[in-house]
Each structure stands twice: as structure tokens, then as C-alpha cells.
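For the numbers below, each heavy atom of this structure counts, side chains included, while hydrogens, waters and symmetry mates do not. Just so you know, residue 1 is the first one in the sequence shown, and it goes up from there.
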Amino acid sequence: MLLRQALSLCRSLLDTGQRFEAAYFEALRILLTRIAGEGKPLSLKEINARINELLKASIQSDGVINLFSDMKTSFSLFDPKFLEEISKMKTRNIAAMILKKLLEEQVSIYKKTNLVKSEMFSEKLTRAMNAYLNGLISNEEVIEELLTIAKEMANAHKEGKKLGLSDEELAFYDALTRPDAIKDFYQNEELINMTRELTEELRKNRTIDWQKKESARAKMRLMVKNLLQRYKYPPDGMEDAIDTVIAQCEQWVDN
């Protein structure tokens, strides 16, 4: 409300960037009012759509490519040039929001494909944004942290190629090697062989009644445990490691 009053008094003194930023905060105020229950409530879909429109406008105003017009061809979160363009945006708080949204979308993909990376990057993103929203770090600092997470995601995206594994297989490899101490007990080639055999067995044993019958899920769990037992996995004292592998297998079949 104070911002609106200030604008009415000195709008003519503002430059284009300041007027845009004021309009952005006014739009957010309206969104928050709706969410709080004053006026007609907005659905989550409507909220996301409004935020996307604001982000599109902000990118176009700063001369950066439009992320949301064609997500398959116009940008890649893993492209260093794209991240550099975002980091140079004049409106720093909006740059932070764009990075946050893109990272959240990548985390949502991991939630359907890679359990370990989903949890790891979700925790990092939540920690950075909590510090930012609580005023513990500045716009510049949160952008730097978000860019670091994006670069870590880009490196993680390349891990499979280095190991000769598909994205699907990499998800099982990540589950098998969590915690990192697992690697002290097995040669990497053994872990890769486990990964490939596990992936292939799951493909062969996946059934159409998986989500309906507990017996099908129990059969899958037994198959996984028997397969890993041949490799003497998990090592003594790390029995909990198999829980992550089972959870990744269930996630894979569910999705």
C-alpha cells in the first residue's frame, strides 16, 4: 500500500526499470492477497501461470531470451551461456526468482527419475532460499548460490556419460552408492555391473499390475535383494543402504 502511495506521488521521477519493478511488486501483492483469501482465491495453476507471465516480461525487458516461449529449444539450464545471461540481469531479485523456478523444475524431474539427486538438490535449494527469505544473504549471494547449484546439476547430468550409463541407469547407480562410503567396499566396475543388471532385471520383471497388487511389489523387492546378495551388497554395518535402492526401484516402476 505504501508503495502504491509513493508511486502516485513521484511516478514521473522513475525510470523504466523502476516502474517495471514497482509493477512487479504490485502484481505480487495482488497474488498474495488472493492467496490469503481476500477476494477470489487463485488455484496453484493460476498462481504459477501469473508468475510465469511476470518472469517472461522481466526477461524480455532486460533483453534476455524468453525462457518460457519454447522450453525445448530456446534454453538449457545446463548451458553456461544461458546462466551467464541470467546472472547479468539488472533486476537482481527477479534473476533470483528465475533461477529458483528453473531449479525447482529440474528437481521436480529428478523426483520422478532419480531419488538421490532429487533429495540432494532439493535440500540445497531449500537451504539457500530459506537463508535468502530470512534476510541472511543478499540478492547477489543467493544468485551466486543458485548458480552454483545449477552448475552442480550440470555436472551431475554428465556423470552418466562418464560412467557409460544412461540417465535411467545412473539413478540406480546413485542409489547403490549412497552413502559414499559404499565405494570403499566395491570396485567401481562391480557397482556398474550391479547397476546394469539391476536395471535389466527391473525392465524384465515390470508388470502391469504393479500399482494394484502388493504381491507384485513384494516380488520386485525380493528380486532386488536376491540380485544384490550375489554381490554381497550391502556391506556389513550398512544394511540401511538397501532401503535407498528399494525406494529408487519403486520410484522407477511407479513412473
Side-chain angles (χ1 to χ4, degrees), residues 72 76-79 102-128 148-255:
K72 292 184 179 178
S76 169
L77 177 61
F78 304 138
D79 184 349
L102 294 176
L103 292 171
E104 283 176 338
E105 290 178 351
Q106 185 60 40
V107 167
S108 71
I109 293 172
Y110 277 137
K111 283 181 179 177
K112 296 180 180 179
T113 58
N114 189 314
L115 182 68
V116 172
K117 283 189 170 60
S118 168
E119 292 179 355
M120 178 178 69
F121 288 121
S122 179
E123 288 173 4
K124 289 188 175 187
L125 180 56
T126 298
R127 191 161 53 245
T148 297
I149 295 173
K151 290 171 185 175
E152 289 176 357
M153 283 186 175
N155 291 332
H157 195 63
K158 298 174 184 176
E159 285 177 10
K161 290 182 180 179
K162 292 179 182 178
L163 294 169
L165 302 173
S166 66
D167 288 342
E168 180 182 54
E169 290 170 334
L170 181 61
F172 293 113
Y173 178 87
D174 288 340
L176 285 165
T177 55
R178 184 184 182 187
D180 286 339
I182 288 286
K183 294 180 180 179
D184 295 335
F185 294 87
Y186 305 94
Q187 296 293 323
N188 199 51
E189 193 60 35
E190 287 182 285
L191 292 166
I192 289 175
N193 289 339
M194 266 190 270
T195 297
R196 288 177 173 152
E197 189 173 347
L198 178 60
T199 307
E200 184 58 30
E201 285 299 311
L202 282 169
R203 287 195 190 111
K204 289 193 297 186
N205 288 278
R206 186 173 182 173
T207 61
I208 59 174
D209 60 354
W210 162 261
Q211 292 179 325
K212 296 179 181 179
K213 292 186 178 180
E214 176 57 31
S215 60
R217 303 176 82 89
K219 181 180 177 182
M220 183 278 296
R221 295 186 195 105
L222 182 61
M223 180 273 292
V224 171
K225 290 178 180 179
N226 287 340
L227 185 157
L228 296 180
Q229 195 172 43
R230 296 204 301 272
Y231 288 90
K232 297 181 180 179
Y233 182 99
D236 292 340
M238 303 182 72
E239 286 75 13
D240 290 347
I242 201 167
D243 294 338
T244 302
V245 180
I246 295 292
Q248 174 61 48
C249 293
E250 292 181 341
Q251 182 194 56
W252 179 83
V253 180
D254 286 338
N255 289 286

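Under the side chain to side chain contact (heavy atoms under 4.5 Å, CB included) criterion, Ala181 pairs with Asp184, Met238, not counting sequence neighbours. The side chain to side chain contact (heavy atoms under 4.5 Å, CB included) test applied to Lys204 returns Glu200, Glu201, not counting sequence neighbours. With sequence neighbours excluded, the residues forming a side chain to side chain donor-acceptor pair (under 3.5 Å) with Asn114 are Asp174, listed by chain and number. Residues meeting the side chain to side chain donor-acceptor pair (under 3.5 Å) test with Asn188, sequence neighbours left out: Tyr173. Residues passing the side chain to side chain contact (heavy atoms under 4.5 Å, CB included) test with Glu168, sequence neighbours excluded: Ser166, Phe172, Thr199, Arg203, Trp252.
Within a 6.0 Å radius of CD in Glu239, other residues, nucleotides and ligands contribute more than 12 heavy atoms.
Atom CD of Glu123 is separated from atom CD1 of Ile149 by 11.0 Å, given to the nearest 0.5 angstrom. Expressed to the nearest 0.5 Å, how far CD of Gln106 lies from CG of Leu102 amounts to 9.5 Å. One finds the CZ atom of Arg178 at 11.0 Å from the NZ atom of Lys117 (value rounded to the nearest 0.5 Å).
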Acceptor/donor pairs from residues 222-237 side chains to any protein atom, 3.5 angstrom cut, sequence neighbours excluded:
residue, atom, partner, partner atom, Å
Asn226, ND2, Leu222, O, 3.3
Arg230, NH2, Glu197, OE2, 2.1
Tyr231, OH, Glu197, OE1, 2.8
Tyr233, OH, Leu176, O, 2.7

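Ion pairing of Glu190 with Lys183 is absent here, as no side-chain N (NZ or NE/NH1/NH2) approaches a carboxylate O to less than 4.0 Å. A salt bridge does not link Glu119 with Lys124: none of the charged nitrogens is closer than 4.0 Å to a carboxylate oxygen.
A donor-acceptor distance shorter than 3.5 angstrom exists from the side chain of Gln248 to the backbone of Leu115, with no hydrogens or angles considered.
Heavy atoms only, all atoms of each residue included: Ala241 and Ile182 are closest at CB-CD1, 4.1 Å. Minimum interatomic distance between Leu170 and Gly160 (heavy atoms only, all atoms of both residues): CD2-N, 3.6 Å. A pairwise comparison of heavy atoms in Ala156 and Tyr110 identifies CB-OH, 4.3 Å as the closest pair.
Put simply, the side chain of Glu250 reaches to within 4.5 Å of the side chain of Arg221, judged on heavy atoms. Proximity of Glu104 to Val107: side-chain heavy atoms (C-beta onward) are nowhere separated by under 4.5 Å. Counting heavy atoms from C-beta on, the side chains of Leu165 and Arg196 come closer than 4.5 Å.
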| request: Report the C-alpha distance between Gln251 and Thr113 in whole Å, list the side-chain angles of each, state the deciding distance to 0.1 Å, and finish with yes or no for side chain to side chain contact (heavy atoms under 4.5 Å, CB included). | output: CA-CA 7 Å; Gln251 182 194 56; Thr113 58; 5.6 Å; no
- Query: Please walk me through it: do Leu198 and Cys249 pass side chain to side chain contact (heavy atoms under 4.5 Å, CB included)?
  - Reply: CA-CA 9 Å; Leu198 178 60; Cys249 293; 4.1 Å; yes
